[in-house]
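For reference, the structure discussed in these notes is given below.
Owing to the predicted nature of the structure, the values given are computational and were not obtained by experimental measurement.
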Amino acid sequence: MVNVALGVLEIRRMAFFDLPLDELERYLPTLPEPADFDEFWAKTLAEQRAVDVEATFEPTPNGLATIDTFDVTFRGYGGAPIRGWLQLPVTRTGPLPAVVEYLGYGSGRGVPHEKTLWASAGYAHFIMDTRGQGAETPDPDPSTGDIAAPGFLTRGILDPHRHFYRRVYTDAVRAIDAVRTHPEVDPARVVVTGTSQGGGIALAAAGLVPDLVAAMPDVPFLCHFPRATTITDKPPYVEVQQFVKLRRQHAETVNRTLAYLDGASHARRANAPALFSTALMDHICPPSTVFAAFNHYGALNGLAPEHKSIRSYPFNDHEGGAAPHETVKLAWLAGLLGN
């Protein structure tokens, strides 16, 4: 890649650095799951679902002729108000299948006209803000006083009950609960998707919500932490390295906390058909960490191999398949739903 800045020609080199593709396709590492993994998450969701999701959908002007936008608020983890956009095609008949999208690291939901693909294709499209990220919504949780490296990955790292992603994964499940309450959404046809952090959150949602119709994680983050935190020195995984580098005595505790959050472990519990993507030069979410999640996907539910697939983009970094892969996703989902 070439970048010209201040009259200086800079070439950023990318190269294959992970396992060869044939080894990636067979890569099935043992996952260090805590014995109470399922109990931990069942209790978390039961506690949070004891409070009504209280989703509200306020019509919002968007300047678009073919899409209606609703400003959504619902109760996430701890009852905190979580925001999102619901986009619907103006022309619609009957309840629509819904695509719930989770966002990349540090991103906010932005403005409605930035994401029009799924509504333009005839789906209900729900875009969930990630608490504390982007400019739209500050983290509604009070300060816990936890020590952490900069970023989000080590917030609450010494106790899985306090970890940032316990809250975010719960928000993701509640987002599905929320969109299912809208009268123009078919609650039996909900799909999850996302890129990078959003892909990891989508995998968690797929493992925690048993009746989704599809999952489409792209270059997912938050997968196979034992390898991810040792094979790459790129953010965000480097946050864990920085934390343990200064606090050596906490290494075992850190690994145990991350084991509750690992997208590969959540993927094992999923049962919805899935389309993954990865990029073989991705230094942020290394392909072996993605293949770990893909190869384990659906294992605990006996998902047939033909119900999951992965697209690999050999010469791409973390941008993955980008717009060409969106074409793949549109065709795959339409075929799955019979649209």
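Counting heavy atoms from C-beta outward, Ser312 and Leu21 have side chains that approach closer than 4.5 Å. Counting heavy atoms from C-beta on, the side chains of Leu153 and Tyr165 come closer than 4.5 Å. For the pair Val219 and Thr195, the minimum side-chain heavy-atom distance is below 4.5 Å. Residues Leu261 and Phe225 form a side-chain contact, since some pair of their non-hydrogen atoms from C-beta on lies under 4.5 Å apart. Asp38 is listed as a side-chain neighbour of Arg269, based on a closest heavy-atom distance under 4.5 Å. Considering only heavy atoms from C-beta on, Leu337 comes within 4.5 Å of Tyr123 through its side chain. Tyr237 has its side chain out of reach of Ile231: every pair of non-hydrogen atoms, C-beta onward, lies at least 4.5 Å apart. For the pair Thr232/Ile284, no side-chain contact is recorded, criterion being any heavy-atom separation below 4.5 Å from C-beta on.
In this structure a side-chain-to-backbone donor-acceptor pair under 3.5 Å is missing from Thr116 to His113. For Thr60 (side chain) and Glu58 (main-chain N/O), a donor-acceptor pair under 3.5 Å exists by modelled atom type. Under the 3.5 Å distance criterion, the side-chain polar atoms of Arg180 are matched with a main-chain donor or acceptor of Pro187. Of the possible polar contacts, none joining the Asp129 side chain to the Gly108 backbone as a donor-acceptor pair under 3.5 Å is found. The closest donor-acceptor contact from the side chain of Gln87 to the backbone of Ile67 lies at 3.5 Å or more, if one exists at all. Checking side-chain atoms of Trp85 against main-chain N and O of Gly110 turns up a donor-acceptor pair under 3.5 Å. Of the possible donor and acceptor atoms, none in the side chain of Arg268 sits under 3.5 Å from a partner among the backbone N and O of His296. Side chain of Asp68 to main chain of Val90: no donor-acceptor pair is present (N/O by atom type, distance under 3.5 Å, no hydrogens or angles). In this structure a side-chain-to-backbone donor-acceptor pair under 3.5 Å is present from Thr193 to Met216. Using a distance-only test at 3.5 Å, with no hydrogens or angles considered, a donor-acceptor pair links the side chain of Asn295 to the main chain of Leu24.
With a 6.0 Å radius and a threshold of 12 heavy atoms from other residues, nucleotides or ligands, Glu252 has its CD atom at or below the threshold. In this structure, Arg311 places its CZ atom where only 12 or fewer heavy-atom neighbours from other residues, nucleotides or ligands lie under 6.0 Å away. Residue Glu39 qualifies as open at atom CD: its count of foreign heavy atoms under 6.0 Å is 12 or below.
Ion pairing between a basic and an acidic side chain is recognised when a charged N comes within 4.0 Å of a carboxylate O; Lys43 and Asp36 show no such pairing.
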List the steps, then state whether ring pair (Phe, Tyr, Trp, His ring centres under 6.0 Å) holds for Phe37 with His266.
CA-CA 10 Å; Phe37 182 97; His266 284 284; 5.0 Å; yes
Could you go through Ile157 and Leu258, starting from their C-alpha distance and side-chain angles, then the distance that decides it, and tell me whether this counts as side chain to side chain contact (heavy atoms under 4.5 Å, CB included)?
CA-CA 8 Å; Ile157 195 68; Leu258 293 176; 3.6 Å; yes
Decide side chain to side chain contact (heavy atoms under 4.5 Å, CB included) for Cys285 and Ser196; before the verdict, give the C-alpha distance in whole Å, the side-chain angles of both, and the deciding distance to 0.1 Å.
CA-CA 7 Å; Cys285 295; Ser196 191; 4.2 Å; yes
Pair His182-Val72, side chain to side chain contact (heavy atoms under 4.5 Å, CB included): steps then yes or no:
CA-CA 10 Å; His182 195 280; Val72 184; over 6 Å; no
From CA spacing to verdict: salt bridge (charged side-chain N to carboxylate O under 4.0 Å, His left out), Arg75, Asp52
CA-CA 7 Å; Arg75 292 197 176 277; Asp52 189 86; over 6 Å; no
Can Ser265 and Glu33 be said to form a side chain to side chain donor-acceptor pair (under 3.5 Å), step by step?
CA-CA 7 Å; Ser265 290; Glu33 292 182 3; 3.2 Å; yes
Please test Leu203 against Phe276 for side chain to side chain contact (heavy atoms under 4.5 Å, CB included), starting from the C-alpha separation and ending with a verdict.
CA-CA 10 Å; Leu203 283 174; Phe276 282 63; 3.6 Å; yes
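Taking the six-membered ring for Trp and the full ring otherwise, Phe315 and Phe16 have centroids separated by under 6.0 Å. A centroid separation of 6.0 Å or more is found between the aromatic rings of Tyr105 and His318.
Applying the ring-ring contact (aromatic ring centres under 6.0 Å, His included) test between Tyr169 and each of Tyr260, Trp41, Tyr77 identifies Trp41 as the sole match. With Asp159 as the fixed residue, the side-chain hydrogen bond (donor to acceptor under 3.5 Å, both in side chains) test singles out one of His163, Arg162, His161: His161.
With Phe152 as the aromatic partner, Arg131 does not meet the cation-pi criteria of under 6.0 angstrom to the ring centre and within 45 degrees of the ring axis. For Arg227 and Tyr27, the positive end sits near the middle of the six-membered ring, less than 6.0 Å away and at most 45° from its axis.
Residues forming a salt bridge (Lys or Arg N to Asp or Glu O under 4.0 Å) with Asp177 (at least two apart in sequence, or on another chain): Arg49, Arg174.
In this structure, Phe57 and Ala178 approach most closely via the heavy-atom pair CZ-O, 3.5 Å.
Under a hydrophobic-cluster definition in which Ile, Leu, Val, Met, Phe, Trp and Tyr are linked whenever side-chain heavy atoms come within less than 4.5 Å, directly or via other members, Val99 and Val179 are assigned to different clusters. At a threshold of 4.5 Å between side-chain heavy atoms, the hydrophobic network of Ile, Leu, Val, Met, Phe, Trp and Tyr places Val173 and Val191 in two separate groups. Connection of Leu300 to Phe291 is not established within any shared hydrophobic cluster, with ILVMFWY side chains joined at heavy-atom distances below 4.5 Å, either directly or through further cluster members. Leu336 and Val185 sit in two unconnected hydrophobic clusters of ILVMFWY residues. Membership requires side-chain heavy atoms under 4.5 Å apart, directly or through other members. Residue Leu222 is grouped with residue Leu45 when hydrophobic side chains (ILVMFWY) are merged at heavy-atom distances under 4.5 angstrom, including chains of intermediate members.
Between the side chains of Asp18 and Ser288, at least one donor N or O lies within less than 3.5 Å of an accepting N or O.
For residues 319-339, the pairs satisfying ring pair (Phe, Tyr, Trp, His ring centres under 6.0 Å) are Tyr313-His325, with sequence neighbours left out.
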